[in-house]
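Since the structure comes first, as structure tokens, the remarks are kept for the end.
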Amino acid sequence: MRPGNLIQKTSLYIFAAMLLVFSGYPFLYMVSTSFKTMGEFFDNPFSIISGSLTLDQFASVFEMGLHTYFINSIIITVASVAIVVFVSALASYPLSRMKFRLNRPLFVLFLVGMMIPVHASLIPIFMMSNELGFYDTLFALLGPYVAFALPISIFIMTQFMSDIPVELEEAAKMDGAGHWKIFSKVILPNIKPAISTVVIYNFVHIWNEFVFALVLIQDKGNMTLPIGLQKFYGEFSVNVPGIMAALTLSSVPVILIFILAQEKVVKGLTSGSVKG
Amino acid sequence: MAINNDMILLEEQKKRTRNKSLTILLFLLPSLLVYLAFILYPILATFNYSLYDWNGMGDKVFIGLENFTTLLSDSTFWTALKNNLYLVLVSVFVQVPFGLIMAIVLLSKIRGKKVLNVIYFLPYLMSSVAIGLLWVFMYDPVKGPINQFLNIFGIESVHWLASSNMAIIAVLIVLVWQFAPFYMILFKASLVGIPEEQYEAAEIDGANGIQQFFYITLPSLMPTIVSSSILAVVGSLKTFDMFFIMLGGGSGSATEILGTYMYRQSFINFNMGYGSTIASMMFILALLSTVIILFTDNNRQKRSGLK
């Protein structure tokens, strides 16, 4: 090996290790603290493995109501994602496979949505939910969550749909299939990768959404995890291991999804920008 | 007879076009309705509200552009804008390069890449709230690991979140932690796309690693760098969660950004009219910066195309 290569290799490993500590240490701290008792934390806040490896914190976190936030987050995330997938697939079909005058302008209109700061719609949505009586219900979150997930979802779906060979569609047409049939029997089965990409991408973002939940939800019983966690912190900020346990638990679902479906997450992130 | 036939054909064609339009409309309708109700209408309403003095409940008083003139002489607005500018700079010049370095490390020939890949990416998966709370404890002046680490080197503990200058830096560091992995993913995707032959050819010509980086890697990454920058600029304007969680109400107006200032005016002080003005400004800035970046990039592409 040339000496230059050795230096290159060594500095590479040093870089890799530094980044590893930077990215990984906060996690390690979070997880290891959540397995400590209060006493252990105060005696030795930095030990990585505590003596007791207690699960008490996780139990007490659930006793204090974390499960409500969890259930709410699951409900609103699943509902929003399901609707986004269906609605954006519907819209993507004509946008990607039919010629009509408003095609391009409509497509651009949807894409522009990606750059809009949510704050620009916050007050009117708050007002609307009040007037319609949805304020302080999970249902109030559904509209904004679906709407702000649409642009990226339509973008991903149209890309996949335009790659489907015309022959498949033509064959179905010969058999007398209408557009709905073509959509449901030819297009949908052929964009499964796009669907799972859209599902996972939006799951992560809606699971973690904060601003709308902050503005539209007030009652503890209707809170999603992000505002629930904030509430938790406000009430029990002394109980550091307890909060760390709550943070760890709240992150588990998304991290699991990433480990199980890495490429889909990556695909979702890149399709939004590299080609765009 | 012939004319009659033609007319029937024409009728039929018209009917088909009408059918086609109806089909298109039906497929697009759900998305359009949601988009209209929760994005387009609210944005227009925000602009409309910005012309009123309004607390959100009582009567609206029309005051024309007064909110905008007030905003322009509101020192907190300028502070917030300045902080947003720091955010943009850190996003473009720290987060993006950080992501690039991570991507290069992950694509180089080292061991344990799979594990590194997952760990580097983890921060991006957590909610901003969870990240913010975690780092509040990381920065804790007494028991926080960061200060303990500094103490080892004889550096005195820093009260990270107490003074406004330090607080902004502290939050910016957390945002690098959170978002660098996002750019890492983008760069990884486009680095993989660079053909290996280009490097082999350069190797034969005797180009070293650094030369290869500047003459092959960087130019090939240009489109990704541009789109990352757009995302970084637009993302910076959208930032809210981290500042709200970590500093919410803590160090006052010096650490305000546009998002938190809009929230404070609208939902704490109930100046809904003024809050809408700030929100309108955020929208205009997001739109403007996107247009400017796209326009400059277009020019750049034209120039390199002409060569």
Side-chain angles (χ1 to χ4, degrees), chain A residues 8 12-13 15-16 19-20 22-24 26-27 29-30 45-46 87-88 90-91 93-94 98 100 106 110 113 115-125 143-144 146-147 150 154 179 204 208 210-211 215 225-226 229-230 233 240 243 247 250-251 254-255 258-259 266 269-270 273-274 276, chain B residues 23-24 27-28 30-31 34-35 37-39 41-43 45-46 49 101-102 105 108 110 116 118-123 125-130 133-135 137-138 143 145 148 182 185-186 189-190 209 224 227 231 234 237-238 240-241 245 259 262 266-267 272 275-276 279 282-283 286 290:
Chain A
Q8 234 173 1
L12 204 60
Y13 271 102
F15 254 120
L19 289 170
L20 182 68
F22 179 62
S23 299
F27 270 98
Y29 176 74
M30 174 177 85
F46 310 109
V87 168
S88 64
L90 278 178
Y93 174 56
M98 289 165 121
F100 55 100
L106 279 176
F110 279 123
M115 74 187 68
I116 294 171
V118 284
H119 284 79
S121 69
L122 210 49
I123 293 178
I125 287 177
V146 172
L150 272 181
I154 288 179
H179 281 294
V204 173
N208 292 336
F210 179 64
V211 188
V215 168
L225 266 173
L229 286 178
Q230 196 215 0
Y233 169 67
V240 183
I243 289 170
L247 298 182
S250 79
S251 311
V254 183
I255 291 172
F258 176 67
I259 292 173
V266 169
L269 294 177
T270 47
S273 51
V274 172
Chain B
T23 316
I24 291 172
F27 273 100
L28 284 168
S31 286
V34 174
Y35 204 69
F38 296 100
I39 294 186
Y41 160 73
I43 289 171
T46 297
Y49 291 160
I101 293 171
M102 285 168 141
V105 167
S108 61
I110 60 170
L116 286 182
V118 172
I119 295 176
Y120 286 179
F121 193 68
L122 281 180
L125 292 170
M126 279 176 84
S127 68
S128 303
V129 178
L133 295 179
L134 170 58
W135 280 81
F137 291 105
M138 295 281 298
K143 285 190 296 296
Q148 295 288 336
F182 171 69
I185 295 288
L186 302 189
S190 68
T224 312
S227 52
L231 291 169
V234 174
L237 282 162
K238 289 181 182 172
F240 172 78
D241 305 10
I245 296 292
M262 181 272 171
S266 314
F267 296 100
M272 292 278 183
S276 298
M282 291 172 74
F283 177 80
T290 314

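Since the structure is predicted, the reported quantities are computational estimates derived from the model, not experimental observations. Below, chains carry the letters A, B, ... as their sequence lines are ordered, and counting in each starts from 1.
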Contact class of [X] relative to chain B, heavy atoms under 4.5 angstrom:
| X | result |
| --- | --- |
| Tyr29(A) | side chain |
| Ile116(A) | both |
| Ile255(A) | both |
| Ser88(A) | backbone |
| Met115(A) | both |

Largest heavy-atom contact set with chain B, pairs under 4.5 Å, which of [options]:
| options | answer |
| --- | --- |
| Ile259(A), Ile243(A), Val204(A), Val215(A) | Val215(A) |
| Gly24(A), Pro26(A), Ser251(A) | Pro26(A) |
| Leu12(A), Val87(A), Leu19(A) | Leu19(A) |
| Leu20(A), Leu122(A), Ile123(A), Leu150(A) | Ile123(A) |

Where on [X] is there a heavy atom nearer than 4.5 Å to chain A: the side chain, the backbone, both, or neither?
| X | value |
| --- | --- |
| Thr23(B) | side chain |
| Val34(B) | both |
| Met272(B) | both |
| Ile24(B) | both |

Heavy-atom pair with the smallest gap, counting every atom of [X] and [Y]:
| X | Y | answer |
| --- | --- | --- |
| Ser23(A) | Met102(B) | OG-CE, 3.6 Å |
| Leu229(A) | Ala130(B) | CD1-CB, 4.2 Å |
| Phe15(A) | Val105(B) | CB-CG2, 4.2 Å |
| Val129(B) | Pro226(A) | CG1-O, 3.3 Å |

For the pair [X] (side chain) and [Y] (backbone), establish whether a donor and an acceptor sit closer than 3.5 Å, ignoring hydrogens and angles.
| X | Y | result |
| --- | --- | --- |
| Tyr49(B) | Pro124(A) | no |
| Tyr233(A) | Ile245(B) | no |
| Thr46(B) | Ala120(A) | yes |
| Asn208(A) | Ser128(B) | no |
| Ser121(A) | Ile39(B) | no |

Max heavy-atom pair count under 4.5 Å with chain A, selected residue of [options]:
| options | result |
| --- | --- |
| Ala286(B), Pro145(B), Ser108(B) | Pro145(B) |
| Pro30(B), Gly259(B), Ala45(B), Gly275(B) | Gly259(B) |
| Ile101(B), Ile110(B), Leu237(B) | Ile110(B) |
| Val234(B), Thr290(B), Leu116(B), Leu134(B) | Leu134(B) |

Heavy atoms, side chains only, cut-off 4.5 Å: are [X] and [Y] in contact?
| X | Y | value |
| --- | --- | --- |
| Val146(A) | Phe38(B) | no |
| Tyr93(A) | Leu28(B) | no |
| Phe210(A) | Ser127(B) | no |
| Val118(A) | Phe240(B) | no |
| Phe27(A) | Met126(B) | yes |

Just to verify, what does Phe283(B) make a ring-ring contact (aromatic ring centres under 6.0 Å, His included) with, not counting sequence neighbours?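 With neighbours one apart ignored, the set is Phe47(B).
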side-chain contact (heavy atoms from CB on, under 4.5 Å) with Ser31(B): which of Ile154(A), Leu106(A), Leu90(A)?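 Only match with Ser31(B) under side-chain contact (heavy atoms from CB on, under 4.5 Å): Ile154(A).
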Can you tell me how far CG of Leu133(B) sits from CE of Met30(A), rounded to the nearest 0.5 angstrom?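 One finds 11.0 Å between CE of Met30(A) and CG of Leu133(B).
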How long is the span from the NE2 atom in His119(A) to the CE atom in Met282(B), to the nearest 0.5 Å?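 These two atoms lie 5.0 Å from each other.
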Tell me every residue that passes side-chain hydrogen bond (donor to acceptor under 3.5 Å, both in side chains) with Tyr120(B), counting only those two or more places apart in sequence or in another chain.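 Expected list: none.
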